[in-house]
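After the structure tokens below, expect a handful of questions from me.
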Amino acid sequence: SIKNNCEKEYTFYTDSMRHNMLKEKGMENRMTAALGNREFEMYLQPKYLFSDDKIIGAEALVRWNCPGIGIIPPSDFIPLFEKNGFVKQIDTYMFEEACKLLEKWKNESVDFLHLTISVNFSRLHLNNLFLSKELSEIAERYHIDPKLIEIELTENTIFDNENQMVTIMNDLKESGFQISIDDFGRAYSSLNTLKNLPADILKLDKEFFEGTSATNLRGKKIIMSILKMARDLDLVTVAEGVETLEQVDFLKEMGCDIAQGFYYARPMQVADFEAFITNKLQLV
Ligand code: C2E
Ligand code: MG
Ligand code: MG
Ligand code: MG
């Protein structure tokens, strides 16, 4: 029928648009306009604090809501944006979105008062000696206590100029931001990283939970050792990628502080996160 043909054609058109869009050139042509058009959207994934039995905050995760294409996940565009440098603008945009939201929460309801938001920052920022000053200025503009914001740096991005990076991290800490090492354990430099970096929080890579039951058992043993070491170093621990009750029980027993994962909730739009907190649906 005609209707069927149209639908087919529409689908075909959408697929080819999507195909072209997802090619590097298509993305590069559109990324700057997309930022201006507010096509990048902040999703929030709750973080659960074992000791207080409550949600204490969320990680901000970017999505590209591209007209005619749909929601594009960060894995499809962050690697390209790391190559061409655009990720710096995305990160700063997400940071400002987080500040705006924290200010709104501050004025809104006691339910939201102490929630923190963590923002992912690419290593490309770690050669900018003004980073802490720039972020402080944004936080001030929204009257936000920097303590409510956590900067997530990915461990495999630890790079050549370590001294400068330590300087920048110390500046961030002095300005009051919290610093976490994301995906800890995925790269090879982990332990030396811990020796030298002034971090507050350690996020265990979710890959320790993945794999067969045999590798899974080994993963658990590694998690146990990391948690013990983190405790000795006074680092707060966050397990990400938590999907099952069994993992929750294990982490609790091993003294992990905070958990994040599909078991509690997937990353969601801000309005849904607010409903989630307000309705106390977090009491799983
Ligand atoms: P990440 O910072 O390690 O974020 C955690 C990722 O794990 C998120 O993927 C999240 O959706 C996913 N996740 C959470 N819980 C579970 C679970 O229980 N099971 C599984 N299988 N996955 C879970 P997402 O949102 O696709 O982001 C992927 C990566 O993209 C992030 O990893 C981060 O490295 C990067 N990214 C996201 N947003 C930004 C951003 O604004 N700036 C920068 N520079 N990177 C970002
Ligand atoms: Mg992260
Ligand atoms: Mg990361
Ligand atoms: Mg991670």
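Order of appearance sets the numbers: ligands from 1, and atoms from 1 within every ligand. The structure displayed is predicted, hence computed values, not measured ones.
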Where ligand 1 meets Glu240 - atom numbers and elements under 4.0 angstrom, heavy-atom basis: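 Reading through ligand 1 atom by atom, the close ones are 3 (O), 5 (C).
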Contact (N/O only, under 3.5 Å) between Val62 and ligand 1: yes
Numbering as shown, the atoms of ligand 1 that approach Glu243 to under 4.0 Å (heavy-atom distance):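 Answer, ordered by atom number: 17 (C), 18 (O), 19 (N), 20 (C), 21 (N).
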Within-shell test, Arg63 vs ligand 1, heavy atom, strictly < 4.0 Å: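 Under 4.0 Å: yes for Arg63.
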Heteroatom of Asp183 nearest to the Mg ion (ligand 4) (N, O or S, atom name): OD1
Under 3.5 Å: N/O of Ser75 near N/O of ligand 1: no
Atoms of ligand 1, numbered as shown, that sit under 4.0 Å from any heavy atom of Pro74: 24 (P), 25 (O), 26 (O), 27 (O), 28 (C), 30 (O), 37 (C)
Thr154 side-chain N/O to Asp182 backbone N/O, donor-acceptor pair under 3.5 Å: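 Judged by distance alone, no pair lies under 3.5 Å.
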is_close_aromatic(Tyr48, Phe50), centroid dist under 6.0 Å: yes
NZ/NE/NH1/NH2 to OD/OE distance under 4.0 Å, Glu28 and Lys83: no
Within-shell test, Asp183 vs ligand 1, heavy atom, strictly < 4.0 Å: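 It does; at least one heavy atom falls under 4.0 Å.
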OE2 (Glu59) to the Mg ion (ligand 2) to OD2 (Asp182) angle, given to the nearest 10 degrees: 180°
Proximity flag Lys203 to ligand 1, non-hydrogen atoms under 4.0 Å: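 Checking ligand 1 against Lys203, which is what was asked, there is no heavy-atom contact under 4.0 Å.
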Donor on one side chain, acceptor on other, Asn128 and Glu134, under 3.5 Å: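 Asn128 vs Glu134: donor-acceptor pair found between side chains.
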Asn120 backbone or side-chain N/O/S under 2.8 Å from the Mg ion (ligand 2): yes
Ligand 1 contacted by Ser122 (non-hydrogen, < 4.0 Å): yes
Pro267 heavy atom under 4.0 Å from ligand 1: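 Yes; Pro267 lies near enough to ligand 1 that a heavy-atom distance drops under 4.0 Å.
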N, O or S of Glu152 under 2.8 Å from the Mg ion (ligand 4):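 No.
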Residue Lys228 excluded, over 12 heavy atoms near NZ under 6.0 Å: no
Salt-bridge criterion met for Lys173 and Asp200 (N-O under 4.0 Å):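 Yes, Lys173 and Asp200 are salt-bridged.
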Carboxylate-amine/guanidinium proximity below 4.0 Å for Glu96 and Arg141: yes
Structural part of Val119 in contact with ligand 1, heavy atom criterion under 4.0 angstrom: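 Val119 to ligand 1: no contact under 4.0 Å from either part.
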Side chain, backbone, both or neither: Asp182 near ligand 1, heavy atoms under 4.0 Å: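 Side chain only.
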Location of contacts on Arg266 toward ligand 1, heavy atoms closer than 4.0 Å: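 Under 4.0 Å from ligand 1, Arg266 contributes no heavy atoms.
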Beyond-backbone contact of Phe40 with Arg63, side-chain heavy atoms, under 4.5 angstrom: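 Result no, sub-4.5 Å side-chain heavy-atom pair not found.
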Side-chain (Asn37) to main-chain (Glu39) donor-acceptor, under 3.5 angstrom: no
Considering only N, O or S atoms of Glu240, the one closest to the Mg ion (ligand 4): OE2
Those residues that, when tested against Asn29, pass side-chain contact (heavy atoms from CB on, under 4.5 Å) (two or more places apart):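 Asn29: side-chain contact (heavy atoms from CB on, under 4.5 Å) contacts with Lys25.
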